[in-house]
Structures are given as structure tokens and as C-alpha cells.
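Scroll down for the structure; my scribbles are underneath it.
Quick caveat, the model's predicted, so the values are computed rather than measured.
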Amino acid sequence: MPNPEHGRLPLAWITGAGGLIGNYLFHSAAKFAPDWRVRPLTRSDIDLADAPKVGALFRQEQPNAIFHCAALSKSPDCQANPALARKLNVDVTIQLCELARDIPFIFLSSDLVFDGRTGNYDETRPVNPLSVYAQTKVAAEHIVLSNPRHMVIRTSLNGGISPSGDRGFNEQLRNAWHSGETLRLFKDEFRCPIHAEVTARAAWELLAKNQPGLYHVAGSERLSRWQIERLIASRSPQLHPKMVATSLKEYTGAPRSPDTSLNCAKAQKLLSFRIPGLTDWLASHPNELF
């Protein structure tokens, strides 16, 4: 039976609910944010670039908070079409921030805002984006943080099960191996992978703390691409994973950030749980598809 109090609960919009983190924010709300109603927004629900329609929906539903996860997030797509990347990643964020000027607004950003020369970045470190995708994230962050009610959460490689089956880094690896591909993996490019449900839990808790600002939320373990993929390969022996270790020194493509590991001490102090590293998470979830 429907809860008679349900309609009185505050409403949170979740953009990009058809993606990975947005989907986990939506489905984990009952567990991590039972005092909120959630409205998942996907591309089939509304075109976020259609400002009049989004404004009308905002006025109609009057959400009490917005998690903004929607983005053009594949770096090659952003490099190929910078104008579209700016429209979807910056202009849409500007519009939503204006609508949400009097309510909490949580923007999901990326560790790729850093150039990766040093690693272990905390929130005080200056950004230096190397890609169009990262540049749009930096521009959007500035807009979001200009409002003292609003929050930016930078995260790293997120894994899990997405509605489309290809948004988590683990899904992309499994799909490649299923197709028989041999992956060339960098031994000297480092990230802090995290399960998207952990990111979602942290985001809900940070909203509840009502302490806006900039936070890093990523896995507590710094791993190379090669180490990450070996962990996932050991989970999927039936796919006969094929991998070759390589180095950024041999790479000749678009600029890459070698070490965007994040220091998450600021967020960790506010959270009720320890953010796990990928190795620990996998060990504690031995039967979960990943």
C-alpha cells in the first residue's frame, strides 16, 4: 500500500538516471535516503537542453534538491564535438543551477579535471584539464560553486551494473573480452576506482549533512589501469580475458592524465562509513556480478 506520508516527503530530481551513478542514486534512495522521494530523469523523460520544458517541469514539480549526473561523458565524443560537449555539460548545468538557486544542487564531476602530474589531489589543488570533457567539467564546477548552497562531488572510475550495460568501467572491460578483444592497459596510469553504489551512498549522506562545497569521493586505493583490469579479469575467467601491459611512454594519442588519484579525507570525515578500495570491495562482495 502507498505510504500516506510519501507525498509530504521532499523531492529530489536525479538527472542522468539512465546512466550509472544516476541509476544507483535512484535505486539506492530507499536504503540510503528513505526520507526523500526521488524523480529519475532520463533522456526519454525530458531533453535537458530544452530550457523552456525543463523550467516548466521544475515549476510544476518544485523539487527540493537536484543531483545532476547527466553529461556527455565519453571523452572521444567531447573531443569530436566540443560545441555539443559545452552545450550538454556546461549550458545545461548553468540552466539547472539557476532553477535550483534556492535549493541544494549536487553536481557530479571528475578526477580528470587534474593533469595527473602528481596524484593524491585534495580539494585545494589547482585544476588543469587536458581534454575537452575535463574542460567542460571545470567550467561547470565554477558555475555550481558560485552558489553557496551548491555542491560538487568529484569522483573517479565508477563501476557497477548500468541500464545500458556499458557505462561502468567493469562493463566496458567485460564487453571487450566477450567480443574477443585484447586490451592494451597502462601500467603507469593511476585512478581510484569505486563502485557506483558507494558513490551514491556518499552523495546521499553529503546532502544530508547540509555542508555544501567541493568534495572528492573515490576509492581509497590507488591502482594502475593494469592492476584494475587484472582484478576484474580474475572475476571473469569464463570470458578468457586477453590483456597486454603497456606504458604511457608508448602512447601517441590525445593527452592523458597519468595519475588522477584523489585524496578523499575531507568527505571521509563526514561519512558514516569507510570508503573502500576496489580490492576490499571485491573481496567483500564475492558473488556480485562485476
Side chain of [X], backbone of [Y]: donor and acceptor closer than 3.5 Å?
{"X": "Q79", "Y": "S131", "result": "no"}
{"X": "K187", "Y": "S224", "result": "no"}
{"X": "Y121", "Y": "G116", "result": "yes"}
{"X": "T260", "Y": "R191", "result": "no"}
{"X": "S261", "Y": "N120", "result": "yes"}

Rounded at 0.5 Å granularity, tell me how far [atom1] in [X] sits from [atom2] in [Y].
{"X": "D111", "Y": "S257", "atom1": "CG", "atom2": "OG", "value": "8.0 Å"}
{"X": "L173", "Y": "L185", "atom1": "CG", "atom2": "CG", "value": "7.0 Å"}
{"X": "H285", "Y": "R235", "atom1": "NE2", "atom2": "CZ", "value": "9.0 Å"}
{"X": "L239", "Y": "I232", "atom1": "CG", "atom2": "CD1", "value": "11.5 Å"}
{"X": "E221", "Y": "T279", "atom1": "CD", "atom2": "OG1", "value": "3.5 Å"}
{"X": "R174", "Y": "I161", "atom1": "CZ", "atom2": "CD1", "value": "7.0 Å"}

Treat each ILVMFWY residue as a node, draw an edge where side-chain heavy atoms are under 4.5 Å apart, and state whether [X] and [Y] are in one component.
{"X": "L25", "Y": "W281", "answer": "yes"}
{"X": "L145", "Y": "I66", "answer": "yes"}
{"X": "W226", "Y": "L183", "answer": "yes"}
{"X": "L206", "Y": "V144", "answer": "no"}
{"X": "L130", "Y": "F114", "answer": "no"}

Indicate yes or no: at least one non-hydrogen side-chain atom of [X] is less than 4.5 angstrom from one of [Y].
{"X": "T15", "Y": "F67", "result": "no"}
{"X": "R167", "Y": "S73", "result": "yes"}
{"X": "K31", "Y": "E197", "result": "yes"}
{"X": "L112", "Y": "K137", "result": "no"}
{"X": "Y251", "Y": "E189", "result": "no"}
{"X": "N170", "Y": "I228", "result": "no"}
{"X": "Q172", "Y": "L157", "result": "no"}
{"X": "P193", "Y": "L223", "result": "yes"}

Name each donor-acceptor pair under 3.5 Å that joins a side chain in residues 89-109 to protein atoms two or more places apart or in another chain, with its distance.
unit_1: N89; atom_1: OD1; unit_2: L72; atom_2: N; d: 2.7
unit_1: N89; atom_1: ND2; unit_2: L72; atom_2: O; d: 3.1
unit_1: N89; atom_1: ND2; unit_2: T136; atom_2: OG1; d: 3.1
unit_1: T93; atom_1: OG1; unit_2: H68; atom_2: NE2; d: 3.3
unit_1: T93; atom_1: OG1; unit_2: N89; atom_2: O; d: 2.8
unit_1: E98; atom_1: OE2; unit_2: R101; atom_2: NH1; d: 2.9
unit_1: R101; atom_1: NH1; unit_2: E98; atom_2: O; d: 2.6
unit_1: S109; atom_1: OG; unit_2: E141; atom_2: OE2; d: 2.6

More than 12 heavy atoms from other groups under 6.0 Å of [atom1] on [X]:
{"X": "K266", "atom1": "NZ", "answer": "yes"}
{"X": "H178", "atom1": "NE2", "answer": "no"}
{"X": "R43", "atom1": "CZ", "answer": "no"}

Could you label the plane-to-plane angle of the F290 and F169 rings as parallel, tilted or perpendicular, counting under 30° as parallel and over 60° as perpendicular?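 Taking F169 first and then F290, their aromatic rings stand perpendicular (interplane angle over 60°).
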So which heavy atom on [X] is nearest to which on [Y], and how close?
{"X": "S162", "Y": "E171", "result": "OG-OE1, 2.7 Å"}
{"X": "A29", "Y": "V38", "result": "CB-CG1, 3.6 Å"}
{"X": "G219", "Y": "I275", "result": "CA-CG2, 4.2 Å"}
{"X": "S234", "Y": "L231", "result": "OG-O, 2.7 Å"}
{"X": "A267", "Y": "V217", "result": "CB-CG2, 4.1 Å"}
{"X": "P129", "Y": "V138", "result": "CG-CG2, 3.8 Å"}

Considering only residues two or more places apart or on different chains, which pairs with a residue in residues 46-64 satisfy side-chain hydrogen bond (donor to acceptor under 3.5 Å, both in side chains)?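 Those involving residues 46-64 are W13-E61, R39-E61.
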For the pair Q268 and R274, evaluate side-chain contact (heavy atoms from CB on, under 4.5 Å) and give the outcome as yes or no after the intermediate values. CA-CA 7 Å; Q268 184 64 83; R274 186 185 70 85; 4.1 Å; yes
Using a 6.0 Å distance limit plus a 45 degree cone around the ring axis, check whether R256 lies over the aromatic ring of F186.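 The answer is no, since R256 fails at least one limit relative to F186.
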Evaluate the side-chain contact (heavy atoms from CB on, under 4.5 Å) criterion for residues T118 and R125: first the C-alpha distance (whole Å), next the side-chain angles of each, then the deciding distance (0.1 Å), finally the verdict. CA-CA 10 Å; T118 60; R125 298 285 294 278; 2.6 Å; yes
Return the set of residues passing salt bridge (charged side-chain N to carboxylate O under 4.0 Å, His left out) with R117 (not counting sequence neighbours), or none when no residue passes.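 Salt bridge (charged side-chain N to carboxylate O under 4.0 Å, His left out) list for R117, sorted by chain: D115.
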Check step by step if side-chain contact (heavy atoms from CB on, under 4.5 Å) holds for L270 and Q211. CA-CA 9 Å; L270 297 178; Q211 295 189 35; 3.8 Å; yes
Test salt bridge (charged side-chain N to carboxylate O under 4.0 Å, His left out) applied to D259 and R222, step by step: CA-CA 9 Å; D259 186 350; R222 172 183 176 269; 2.9 Å; yes
Should H195 and Y24 be marked as a side-chain contact (heavy atoms from CB on, under 4.5 Å) after you check the CA-CA gap, both sets of side-chain angles, and the distance that decides it? CA-CA 10 Å; H195 194 287; Y24 274 98; 3.5 Å; yes
